[in-house]
Amino acid sequence: MVTDSVDPHIAFQNVSVSYGRKVALDRVTLEIPRHEIFGIIGPANSGKTTLLKCINRMIDFAPAAKVVGRVFVGGDDVYQMTNVFGLRRRIGMVFPLPVGLPLSVYDNVAYAPRMAGLTRRDELDELVETCLRQAALWDEVKDRMQLLGTRLSGGQQQRLTIARALSHRPEILCLDEFSIAVDPVTTMKIEDVLLELKQRVTIVLVTNLVQQARRLADRVAFLNDSRLIEVGPTDQIFSEQPAERLTFDYVRGHFG
C-alpha cells in the first residue's frame with residue numbers, strides 16, 4: 001500500500017530483502033513524506049530494522065543480505081549511488097543502545113564535522129552547541145564538555161547520540177527503538193526533541209511501543225512477518241477502524 005505523498009522524501013518500490021533463505025522484507029512499497037515523523041510498528045522480526053537499514057545502505061554490511069527493488073531518497077536511487085558515504089551523511093542513525101565514542105562530550109559531537117573538513121574552532125563551537133541544544137542536552141553538559149561521553153547517564157548518552165547524528169546536518173533522522181535503554185522521563189524529553197526536529201528533518205521512527213507511535217507519528221506503517229500490512233495517517237490506524245483486521249488486532253495488543 002502506498003501513501004498519497006506528492007513529493008516523498010523516501011520511497012520504497014517493491015523492495016524485498018533476504019538473508020540467505022530468511023525473508024526479512026517481502027515486496028514492500030511505501031512513500032514517506034518530508035518533514036513528518038513516520039512511525040514503523042510491528043512485532044519482533046517483522047522487518048522494521050531491515051527497512052531502516054535499506055535507507056542509508058547499512059544493509060550492505062550484512063554480507064548475506066540480498067536486496068531487490070528500488071529505494072529513493074530525495075529522488076535519488078540509493079542503490080545506483082557510487083558515493084555511499086555522501087548518502088550516509090544525509091541520513092542520521094540512532095540505534096537502540098547508545099554508542100558513545102571514547103571521547104569527550106564535545107569531541108563526540110565535533111568528530112564527524114572535523115572528518116568532513118570543518119576545522120575552525122568558532123564554527124565547531126557553534127555547531128556543537130546547536131546540536132546539543134537540539135538534543136535537549138546542552139543545559140546538562142555545557143559546563144562538562146571535556147567529560148568523557150561514556151560517563152554520562154544512559155539517557156544523556158542516548159541524547160548525545162542524537163546530537164552526534166545531527167552534527168553532519170542530515171536531512172533524514174532514523175531512530176531504531178531509541179527508548180529501550182532510557183527511563184520514561186528521558187523518553188519524554190527525547191519525544192519533545194523529535195516533535196521540534198521534524199520542522200527541519202524527516203524522521204523515521206521504529207518503535208515497539210504502540211502508544212509512542214500514536215503520540216509522535218504523523219503516519220504509521222504496520223509490518224508483520226516481513227510484509228507491509230497497512231500504512232496511513234495515525235488517526236486512521238489508532239482511532240478509527242484501520243483497513244486491515246490484523247492492524248486492528250496488533251494496535252489493541254491482541255498479539256505482538
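Just so you know, these numbers come straight off a predicted model, no measurement behind them.
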For a quick check under 3.5 Å, do [X] and [Y] share a side-chain donor-acceptor pair by atom type?
X: Thr49; Y: Asp176; answer: yes
X: Arg164; Y: Asn108; answer: yes
X: Gln156; Y: Glu140; answer: yes
X: Arg214; Y: Ser239; answer: yes

Is it true that, when you exclude [X] itself, more than 12 heavy atoms of the residues, nucleotides or ligands shown sit nearer than 6.0 Å to its [atom1]?
X: Glu126; atom1: CD; answer: no
X: Arg169; atom1: CZ; answer: no
X: Arg27; atom1: CZ; answer: no
X: Tyr111; atom1: OH; answer: no
X: Arg151; atom1: CZ; answer: no
X: Asp77; atom1: CG; answer: yes

Kindly work out whether a path of hydrophobic side-chain contacts (I/L/V/M/F/W/Y, heavy atoms less than 4.5 Å apart) joins Val109 to Met115.
-> no

Please answer: with hydrophobic residues joined when any side-chain heavy atoms are less than 4.5 Å apart, are Ile203 and Leu195 in the same cluster?
-> yes

Which distance, rounded to the nearest 0.5 Å, do you find between the [atom1] of [X] and the [atom2] of [Y]?
X: Ile10; Y: Ile32; atom1: CD1; atom2: CD1; answer: 4.0 Å
X: Leu132; Y: Leu160; atom1: CG; atom2: CG; answer: 7.0 Å
X: Leu205; Y: Asp218; atom1: CG; atom2: CG; answer: 11.0 Å
X: Leu197; Y: Ile162; atom1: CG; atom2: CD1; answer: 8.0 Å
X: Ser104; Y: Leu147; atom1: OG; atom2: CG; answer: 8.5 Å
X: Thr130; Y: Leu166; atom1: OG1; atom2: CG; answer: 10.5 Å

Any side-chain heavy-atom pair of [X] and [Y] under 4.5 Å:
X: Leu173; Y: Thr202; result: no
X: Val210; Y: Phe238; result: yes
X: Glu230; Y: Glu244; result: yes
X: Pro43; Y: Tyr250; result: yes
X: Arg70; Y: Val15; result: no
X: Ile190; Y: Arg159; result: yes
X: Val68; Y: Lys66; result: yes
X: Ile229; Y: Leu223; result: no

So side-chain hydrogen bond (donor to acceptor under 3.5 Å, both in side chains) across residues 11-23, not counting sequence neighbours, yields Tyr19-Thr50

Ring geometry between His254 and Phe248 (parallel below 30°, tilted from 30 to 60°, perpendicular above 60°) = perpendicular

Would you please name every residue forming a ring-ring contact (aromatic ring centres under 6.0 Å, His included) with Phe12, sequence neighbours left out?
-> none

For the pair [X] (side chain) and [Y] (backbone), establish whether a donor and an acceptor sit closer than 3.5 Å, ignoring hydrogens and angles.
X: Arg57; Y: Met81; value: yes
X: Asn83; Y: Gly86; value: yes
X: Asp76; Y: Val78; value: no
X: Glu31; Y: Pro8; value: no

Kindly determine whether Cys131 and Trp138 satisfy side-chain contact (heavy atoms from CB on, under 4.5 Å), including the steps that lead there.
-> CA-CA 8 Å; Cys131 292; Trp138 172 253; over 6 Å; no

Using a strict 4.0 Å threshold on nitrogen-to-oxygen distance, state whether Arg120 and Asp122 make a salt bridge.
-> yes

Ion pair present between Arg114 and Asp107, side-chain N to carboxylate O less than 4.0 angstrom?
-> yes

Closest approach of [X] and [Y], non-hydrogen atoms and distance?
X: Val28; Y: Ser226; value: CG2-O, 4.2 Å
X: His168; Y: Ala112; value: CD2-CB, 4.4 Å
X: Leu228; Y: Thr29; value: CD2-O, 3.3 Å
X: Cys54; Y: Leu25; value: SG-CD1, 4.5 Å
X: Leu101; Y: Thr150; value: O-CG2, 4.0 Å
X: Asp60; Y: Tyr79; value: OD1-CE2, 4.1 Å

Could you please spell out the steps behind the side-chain contact (heavy atoms from CB on, under 4.5 Å) verdict for Lys48 and Glu177?
-> CA-CA 10 Å; Lys48 305 185 299 298; Glu177 300 289 353; 4.3 Å; yes

Mind running side-chain contact (heavy atoms from CB on, under 4.5 Å) on Ile41 and Val251 for me, showing each step along the way?
-> CA-CA 9 Å; Ile41 61 174; Val251 300; 4.0 Å; yes

Yes or no on salt bridge (Lys or Arg N to Asp or Glu O under 4.0 Å) for Glu36 and Arg219, after CA distance, side-chain angles and deciding distance?
-> CA-CA 8 Å; Glu36 286 192 357; Arg219 298 172 192 254; 3.1 Å; yes

Start with the C-alpha gap between Cys174 and Ile55, add the side-chain angles, then the distance that decides, and say whether side-chain contact (heavy atoms from CB on, under 4.5 Å) holds.
-> CA-CA 9 Å; Cys174 296; Ile55 298 173; 4.0 Å; yes

His9, Arg89, Arg200, Arg34 screened by side chain to side chain donor-acceptor pair (under 3.5 Å) with Glu171, the one that passes | His9

Checking Arg121 against Tyr106: charged group under 6.0 Å from the ring centre and within 45 degrees of the axis?
-> yes

